[in-house]
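Remarks on the structure that follows.
In what follows, chains carry the letters A, B, and so on, assigned in the order in which the sequence lines appear, proteins first and then strands, with residues in each chain numbered from 1.
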Amino acid sequence: MESKTHINVRNLNVFYEEHQALKDITLDIPDKKITAIIGPSGCGKTTLLKSLNRLIDLTEGVKVSGSVFVDGENIFNPGVEVTHIRKKMGLLSQRPCPLPMSIFDNVAFGPRIHGIKDKKELQNIVEHYLKETSLWDDVKDRLHTSASKLSIGQQQRLCLSRCLAVEPEIILGDEPTSALDPQSSLRIENRFRVLKDNYTIVIVTHILRQAKRLADYIVLLYCGELIEHGPAQEFFENPKEKLTKEYISGVIS
Amino acid sequence: MGLRNIELRKLEEIIFKILMIVATVIITGSLAFIIVIIIVKGLPAMKLSMITQLPKGGFYIGKEGGILNAIAGSLMVAGGATLLSIIISIPVVLYINIYRKKRSRLANLTRFSFDVLWGVPSIVYGAFGFTVMLAFGIKASLLGGIIAIGFLELPIMSRAVDEVVRMVPSELKEATYSLGATKLETSYKVIVRQTFSGIVTATLIAFGRGIGDAAAVIFTAGYSDYIPDSLSQPAATLPLAIFFQMGTPFPEVQERAYASAFILTLIILVISITSRIIAVKITKHTIK
Amino acid sequence: MNSPRLLKDRIFSLLMQGLTIASCLVLVLIFICLLVKSSPLLISKPLGELLFSTNFRPLKGEFGFLAFIIGTLLVTGIALIIAVPLSLLAAVFLSEYTSGFILKAMKSLIDVLSGIPSVIYGLWGILVIVPLIKETIWLLFRKSVSGYSILAGGIVLSLMIIPVILHVSIEVLQYVSRDLREAALSLGATKWETIKHVVLRKGSPGIIAGIVLGLSRAFGETMAVMMVCGNVARIPGSLLDPGYPLPALIANNYGEMLSVPLYDSALLFAAFILFLIVVVFNIISRVILLKVERSIQ
């Protein structure tokens, strides 16, 4: 454990009522790379992702043991301030989820609650992050119209801008392209490739090809267990586990 | 045998269908008849003075005047009560939905008690309100009416708001939390906006129930021929005005009851239509 | 930078928690308040006499509530007997055999009418139902009655609760899934049989809930009933006799004859009975609902 990364998962167990969704997961997520969590549906991918920023807390009847260290701090410690953890991590959900307000206010929401009041500054922030996701040209004339009027692909890019505006170090994506058309998916993927120079990105995906295209590091879950994890090239070309081979070749899915 | 069986089955369907049509016609007919009667009786009795004037001397034996006192009183009582129930119900509903898990014990207990309170008769709120007022030395007044009607509206409002807040997709909460928002910020900056049209509709429903209720104000608000200019003065209300006018032996005064009923119905209709329009219109930023 | 926000969150959290607990306590508060206020009566009179005697002569210190309790039960009962079958039949017709404009128009009418104040229903009762009863009885039996009766109260009340029951029932029936209907139809059931055996059965918890809502509304309804049911403190011999339900007793007398000893306490005892019945009723209906829901799954 010489060079510690941003996120370290240690012996993480998650239970929903009786069902154990994650079994003793221990994992280091590499910095400034794209990590893809893959596996069949219902294997705990989303649970693992949501454990990283403690959105798992919202689920009814959930119990967690073990720890997740973010920058060396166990976020499941009782005294930890959750909002502070979450600020460090942006989230892109399956379906884009704009807040019920205008495009401008969506992007400005994060900076505003974190204390930026100055109008000019907010305008600059909004413009900068909308440009970052190449949405600016599409929306610059209607910044004050409702975000729900945008197309679904635009909404997802807006959500990305909104999450970047909080200046996170980590971006979490829960199958962020699954609701989008191929064109919009491609745009988001391209954004991720650029963003990984500055951010640690973790995405959940059930599309093997997407993981191959995009990821530098792969984590394979199966029935709540961590089967194999490693750099993408090695993972796909030289899998160590039998289950991994079967999964890659499509025998199990 | 088999064929007769089929015929019997068909016959049963036909009989029930006839019964259903009869029931629907009876219901529609009588319900529509209520509105028709109010219009037929009320409209001819309407005079401009009814809504512009206070009762003058001898109003209750058929002389000049109007029921401006009751219109204003009702709006004040129901308005105040609605404000009171907004102030209480919105934080409570947000608390049980955002701060607590939806199925937590406190959330369940709160929902249960609102369900029970919803069924408590308004006369009980009236009697309860009056004893509370006696305990605090408040006389029958605008304030008393607001408190009693406020209790009556609280469960109506809370249940309606809870219904819409519960429907908020969890993704929206997750999106807000993942930006580092606190629960308070999530509540009033996002959830309230998302459910705004539902809250407005709930407010109007509660206001409508409040303005139409007589049993809860009968001893808490009192009655007066003037518009109250402070919380401690008694306030007339429309339903009571109708009740009192109907109870007199003078036909001229009973006519006024019809006109008052017409006015009250009109107010209720306006509220009902407004809430429908709002339910459609104010969804500008709402996420489905 | 962060701490003021978090502090604010914490403070509001506590305030909101306080409000939530306070609003749960309203129920308890009403209970205690009414109990305390009716205790003078409860101490001086045996409960059996209060509930089962028909002698209500406050000036002589006699407080028997039986006539009022029976009045309440009769009026509510009549209202349910009229409203439940009519609403159910109409709900099935509207949700299964009509669609589009008619359904929409009816739903709007129902919604509007469920918002009409009870005084208006009472007024309508005086203008329409009371004379109707009077005329009909005269025509049929050549007997003169005032028309202000238990029956008039029940009819007016039924019209008040029909919108409530109808609204809930239509929603519930529409919610029963298409798959379930199609499954039944494809087994050779007629449309009516499908409705009878599948749709109504599946919808029964919701419909029961709707009837319970209607019943609670009917039970404590004051003004409309008071205006048409005659208010005579005797056990009615027939449906055409006047009756005197509990809420009307309170509304007519409270605040006026407080100088009579125990009278104030007696009226609050009446409110206490109403309150207790509503609460107990609510709990029982919840238990029944849970059972029904389980039995159809």
Please classify the contact of B:F112 with chain C as side chain, backbone, both or neither, using a heavy-atom distance under 4.5 Å.
both
Is the shortest side-chain heavy-atom distance between C:S23 and B:F114 below 4.5 Å?
yes
Tell me the closest heavy-atom pair linking B:V124 and C:L34, and the distance in Å.
CG1-CD1, 3.9 Å
Determine yes or no for a side-chain-to-main-chain donor-acceptor pair under 3.5 angstrom, with C:D9 supplying the side chain and B:L184 the backbone.
yes
Apply side chain to side chain contact (heavy atoms under 4.5 Å, CB included) to C:T72 and list each qualifying residue two or more places apart in sequence or on a separate chain.
C:T76, C:F219, C:P245, C:L246, C:P247
Under a 4.5 Å heavy-atom cut-off, does chain C meet the side chain of B:L204, its backbone, both or neither?
neither
Report, as yes or no, whether the 6.0 Å neighbourhood of atom CZ on B:F262 holds more than 12 heavy atoms from other residues, nucleotides or ligands.
yes
B:F16 and C:V92: CA distance, side-chain angles, deciding distance, side chain to side chain contact (heavy atoms under 4.5 Å, CB included) verdict:
CA-CA 10 Å; B:F16 267 95; C:V92 173; over 6 Å; no
What part of B:Y188 is in contact with chain C, defined as an atom under 4.5 angstrom from a non-hydrogen atom: side chain, backbone, both or neither?
side chain
Could you check B:F151 against C:I30 for side chain to side chain contact (heavy atoms under 4.5 Å, CB included), going step by step and ending with a plain yes or no?
CA-CA 11 Å; B:F151 275 121; C:I30 297 178; 5.9 Å; no
Check ion pair B:E185-C:R5 (N to O, under 4.0 angstrom):
yes
Which atom pair, heavy atoms only, marks the closest approach of B:I218 to C:A251?
CD1-O, 4.0 Å
If you apply the rule side chain to side chain contact (heavy atoms under 4.5 Å, CB included), what do you find for C:W124 with B:F33, and how did you get there?
CA-CA 9 Å; C:W124 185 79; B:F33 195 41; 3.5 Å; yes
Between C:P117 and B:G212, the two heavy atoms sitting closest are CB-O, 3.3 Å
Nearest 0.5 Å please: distance from the CG atom of B:L31 over to the CD1 atom of C:I116.
9.5 Å
Show the nearest heavy-atom pair for residues B:M20 and C:W192, with the distance to one decimal.
CE-CZ3, 3.5 Å
Which one wins on heavy-atom pair count under 4.5 Å against chain B: C:V26, C:V28, C:V36?
C:V26
Could you please state which residues from residues 157-165 of chain C sit under 4.5 angstrom from chain B, measuring non-hydrogen atom to non-hydrogen atom, sorted by number, or 'none'?
C:L159, C:I162, C:P163
Quick one: which residue pairs count as a salt bridge (charged side-chain N to carboxylate O under 4.0 Å, His left out) with a foot in residues 266-287 of chain C, not counting sequence neighbours?
B:D115-C:R286
How long is the gap from CE on C:M16 to CD1 on B:I98, to the nearest 0.5 Å?
8.0 Å
Would you sort out whether B:Y258 and C:L127 count as a side chain to side chain contact (heavy atoms under 4.5 Å, CB included), showing the intermediate values?
CA-CA 10 Å; B:Y258 309 151; C:L127 289 174; 3.3 Å; yes
Contacts of type ring-ring contact (aromatic ring centres under 6.0 Å, His included), residue C:Y97, not counting sequence neighbours
none
Side chain, backbone, both or neither: which part of B:S113 has a non-hydrogen atom closer than 4.5 Å to chain C?
both
What pair of heavy atoms forms the shortest contact from B:R276 to C:S108, and how long is it?
NH1-OG, 3.7 Å
Rounded to the nearest 0.5 Å, how far apart are CZ of B:F243 and CE of C:M223?
4.5 Å
Looking at every non-hydrogen atom in both residues, tell me the closest pair between C:L213 and B:W118 and how far apart they are.
CD2-CZ3, 3.3 Å
Of all of C:V128, C:V212, C:T98, C:I110, which one pairs up most often with chain B through heavy atoms under 4.5 Å apart?
C:V128
Distance check, rounded to the nearest 0.5 Å: B:T28 atom OG1 versus C:L113 atom CG?
10.5 Å
